[in-house]
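Notes follow once the structure below has been shown.
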Number of protein chains: 2
Amino acid sequence: MTIEVDYRFPPGVDAEKQAKVIAVGQTAGTWDARFSHREEVLKSHLAEVVSGITQPDGSSLVTIRFPEANVENDIPSLLTMIFGKYSMAGAAKVMAVRLPEHYGRRPKVGITGIRERLGVRDRPLIMAIFKPALGLSADDHGAILQEVAGAGLDIIKDDEILGDLEVAPTLKRLEACRQVLDQVKQQTGRTVLYAVNVTGAADKLIEKARLLVREGANALLLNVLTYGYSVLDSLAADPEINVPIFAHPALAGALCASPDYGMAYSVVLGTLMAYCGADAVLYPAHYGSLPFDAQEERRIRDSLRSRHVFPVPSAGIHPGIVPKALADYGQDVILNAGTGIMDHPDGPAMGVKAFFEALERVKSGEPFNLEAVPEGALRQALKKWM
Amino acid sequence: MTIEVDYRFPPGVDAEKQAKVIAVGQTAGTWDARFSHREEVLKSHLAEVVSGITQPDGSSLVTIRFPEANVENDIPSLLTMIFGKYSMAGAAKVMAVRLPEHYGRRPKVGITGIRERLGVRDRPLIMAIFKPALGLSADDHGAILQEVAGAGLDIIKDDEILGDLEVAPTLKRLEACRQVLDQVKQQTGRTVLYAVNVTGAADKLIEKARLLVREGANALLLNVLTYGYSVLDSLAADPEINVPIFAHPALAGALCASPDYGMAYSVVLGTLMAYCGADAVLYPAHYGSLPFDAQEERRIRDSLRSRHVFPVPSAGIHPGIVPKALADYGQDVILNAGTGIMDHPDGPAMGVKAFFEALERVKSGEPFNLEAVPEGALRQALKKWM
């Protein structure tokens, strides 16, 4: 089996030459007569330039095929091979990575498992983020959760910048929130997931994740790119971590936002996350508050779903985008709103209700323009955000 | 204590507005009257825009000061805060990060420790890389090491793309090479360091590193950016890993090469490595085979040295660059050559000897032009590479 990578070179670059530099320089390299006894094996590790086309804008798209025997069936060794040293060689961007079906890791929980845990099979899931992002106490978190969980929320997560800080230590947040989750379960039978942000040096982070799960955490949040794909890999492989892992895209722009350098968002947040064991992946939605390309968003969605990973379009999500989101995603999507729930004019509970009103309205085919929407949570949201 | 970050915005960006977006959006965020009871604490977590200047090219350089209480005294949480979500917001590049002296981690071994282990106090160290990069057997590695160690080499490392592969499993490479290292020690009293590439999912990687050290590894190589700064942090903190950690820059270009996005090389390979426990850091030299800015190289050198981390200019290093390297670096530098040693016309041992001849020649003030250099290893190298 082989690994195929598409590289884009901007106009003016000798793509044919660069493709050969990659195929040789990122694999066995060159050798002379002293290594003739290893000739066969050395050759078997070389990559191969499969195709190259010049695109209408003058840029080149080159496909290179790498032997799977060069890597360790994981994302870090893959990255080192396909773009390690070469990333420093000049303008080039990794546009797509195609991996063998069996490569890497699959989610332990994934779309089906998250739906089963929540007992929600037939609609998009609604997810909120604790806001303000940091500065609240653990008890504040509990109080906020009480409001939104009571209103029917499916999932809540820490803000990605809230680590294990003195102001609200991770275990204390979990403790405060778990009481609320237990209460909701007892009173309504509903499960609400709380994705706790897990942080720390790699070995400590993994220990902390196990501890959190033992203490009742039913989901985890990981900033995969600032901690490392190898950390996601470890968490996903760990039998004690039997809860869904939500992958956050923090830092992705540093790798992906440049047109001529780095890697495409659909590679970093789509393919690589999907082959590294994430259960759900957050990324910017093109109708959100961050500039994002609709086509890249579709590619991410499709990469994730092809491995049964939940797509979580995020950033600037509010009830007003529900019709668009349903048109783009159908049912298998988690709509993740921060201020779009927490800053609802009538409070976070109404923020949650506005999302469910929006889902119902689209489902029953009712018009979505402000004039047609009756007084209530959704109307208030549309007035604020549309 | 505070953390200061310089962001560069290209011409045309409203830098004042973006600076405020960062200062608020990457910290506490906004809040309303419901959180008036937490007003004081929330405010204490906000960042502050310290200064902003427009540069001659129309770009803006803005300095933002973040509270240290927002992060966990490590690099991953720092990255999430300073550039996590914002990296996806538009064109902006992190140009410098200034951390409190006590922040993060210091090297366990560092410049002094590496010199002590080698017993070499007064000259640059010479380092080689096993080539071809992958496809050799463990025994081939041993045979190559025999040649170069016998010629006086100080340090050798695996190529960064050589992981724990069937063709030459990591432990087998170590076993083959350790026999040579032991022999050299017995026969000459000299220590030669072999930086073994340590790979795998985070928890397995750390276990493997401990195993390698128990089995006699006297140095480790880590692809910090493909595995994660959190993995370096763990290795550096681990009392069992009492050997120097060489940090490889693989993938740095994906983060750093774009002029308008990502982070400066001097941040990623300088500051962040130096505060994360690396003992020596590899990066491209401006007179090497990769395009690299001399000023960025100086910044990396100075960041590393300020924390007693060994700078290791790399990529396209050969004996001909020794005069330049000595002028730029003086004695506290590791000159790291791959093909510049392994592909010497008269073999790798002569490649090593050529470096020592070059060091001697510069030391004694003898001219370095080809006409002046007598027959021998150095002359052959200059003929090939200059």
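Each chain gets a letter, A, B and so on, in the order the sequences are listed, and its residues count up from 1. The basis for the numbers below is simple: all heavy atoms, side chains too, and nothing from hydrogens, waters or symmetry mates.
Residue A/Lys85 touches chain B through both its backbone and its side chain, counting heavy-atom pairs closer than 4.5 Å. Using a 4.5 Å cut-off between heavy atoms, B/Pro284 contacts chain A through its side chain alone, with no backbone atom that close. Of the two parts of B/Asp74, only the side chain, counted from C-beta on, holds a non-hydrogen atom closer than 4.5 Å to a non-hydrogen atom of chain A. Contact annotation for B/Asp159: neither backbone nor side-chain heavy atoms come within less than 4.5 Å of a heavy atom of chain A. Neither the backbone nor the side chain of A/Leu272 comes within contact range of chain B; no heavy atoms are under 4.5 Å apart. Residue contact with chain B, scored on non-hydrogen atoms closer than 4.5 Å, involves the backbone of A/Ala69 exclusively. Proximity to chain B is limited to the side chain of A/Tyr265, based on heavy atoms less than 4.5 angstrom apart. For B/Phe292, no part lies near chain A; criterion is any non-hydrogen pair under 4.5 Å. For a residue to count as touching a neighbouring chain, one of its non-hydrogen atoms must lie under 4.5 Å from one of that chain's; by this rule B/His248 does not touch chain A. Proximity to chain B involves both the backbone and the side chain of A/Phe83, based on heavy atoms less than 4.5 angstrom apart. Heavy atoms closer than 4.5 Å to chain A are found in the backbone of B/Val71, but not in its side chain.
Atom-to-atom distance recorded for A/Leu162:CG and B/Met81:CE is 13.0 Å, nearest 0.5 angstrom. Atom OH of A/Tyr86 is separated from atom CG of B/Leu251 by 14.5 Å, given to the nearest 0.5 angstrom. The line from CG of B/Leu255 to CE of A/Met263 is 7.5 Å long, rounded to the nearest 0.5 Å. To the nearest 0.5 Å, atom CG of residue B/Asp203 and atom CZ of residue A/Arg210 are 6.0 Å apart. Rounded to the nearest 0.5 angstrom, B/His45 NE2 and A/Leu165 CG are separated by 7.0 Å. Interatomic distance, CD1 of B/Ile161 versus CZ of A/Phe66, reported as 9.0 Å (0.5 Å rounding).
None of A/Thr27, A/Leu46, A/Val24, A/Leu42 except one satisfies the side chain to side chain contact (heavy atoms under 4.5 Å, CB included) rule with B/Pro132; the exception is A/Leu42.
Ranked by heavy-atom pairs under 4.5 Å with chain A, the list B/Pro259, B/Gly163, B/Gly228, B/Pro76 is led by B/Pro76. Interface summary for chain A: among B/Val224, B/Asn73, B/Thr339, B/Leu136, the most heavy-atom pairs under 4.5 angstrom belong to B/Leu136. Of the listed residues B/Val94, B/Asp164, B/Ile206, the one with more heavy-atom pairs under 4.5 angstrom with chain A than any other is B/Asp164. Between chain B and the options A/Leu290, A/Leu79, A/Val41, A/Leu134, heavy-atom pairs under 4.5 Å are most frequent for A/Leu134. Ranked by heavy-atom pairs under 4.5 Å with chain A, the list B/Gly29, B/Ser44, B/Ala89 is led by B/Ala89. The residue among A/Asn70, A/Asp260, A/Leu225 with the most heavy atom pairs within less than 4.5 Å of chain B is A/Asn70. Ranked by heavy-atom pairs under 4.5 Å with chain B, the list A/Lys131, A/Glu166, A/Gln26, A/Lys43 is led by A/Gln26. In terms of non-hydrogen atom pairs under 4.5 Å with chain B, the most contact-rich of A/Ala92, A/Gly25, A/Ser137 is A/Ser137.
Under the 3.5 Å distance criterion, with hydrogens and angles disregarded, no donor-acceptor pair is assigned to the side chains of B/Glu160 and A/Thr80.
Nearest heavy atoms, B/Gly135 versus A/Arg38: O-NH2, 2.9 Å. Taking all atoms of both residues into account, the shortest heavy-atom contact from B/Ser87 to A/Gly253 is OG-N, 2.9 Å. Residues A/Ser258 and B/Ser258 come closest through the heavy atom pair OG-OG, 3.2 Å.
Open room surrounds NZ on A/Lys204; 12 or fewer heavy atoms of other groups in view lie less than 6.0 Å from it.
Contacts of residues 231-239 of chain A with chain B at a heavy-atom distance below 4.5 Å involve A/Val231, A/Asp233, A/Ser234, listed in sequence order.
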*Check against side-chain contact (heavy atoms from CB on, under 4.5 Å), B/Ile144 and A/Phe35*: CA-CA 11 Å; B/Ile144 293 171; A/Phe35 298 100; 3.9 Å; yes

*Any chance you could lay out the side-chain contact (heavy atoms from CB on, under 4.5 Å) test for A/Thr226 and B/Ile75, step after step, and finish with the verdict?*
CA-CA 8 Å; A/Thr226 56; B/Ile75 303 307; over 6 Å; no

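A heavy-atom distance below 4.5 Å is found between the side chains of B/Arg34 and A/Pro348.
Judged purely by atom type and a 3.5 angstrom limit, A/Ser230 has no side-chain atom pairing as donor or acceptor with the backbone of B/Ala201.
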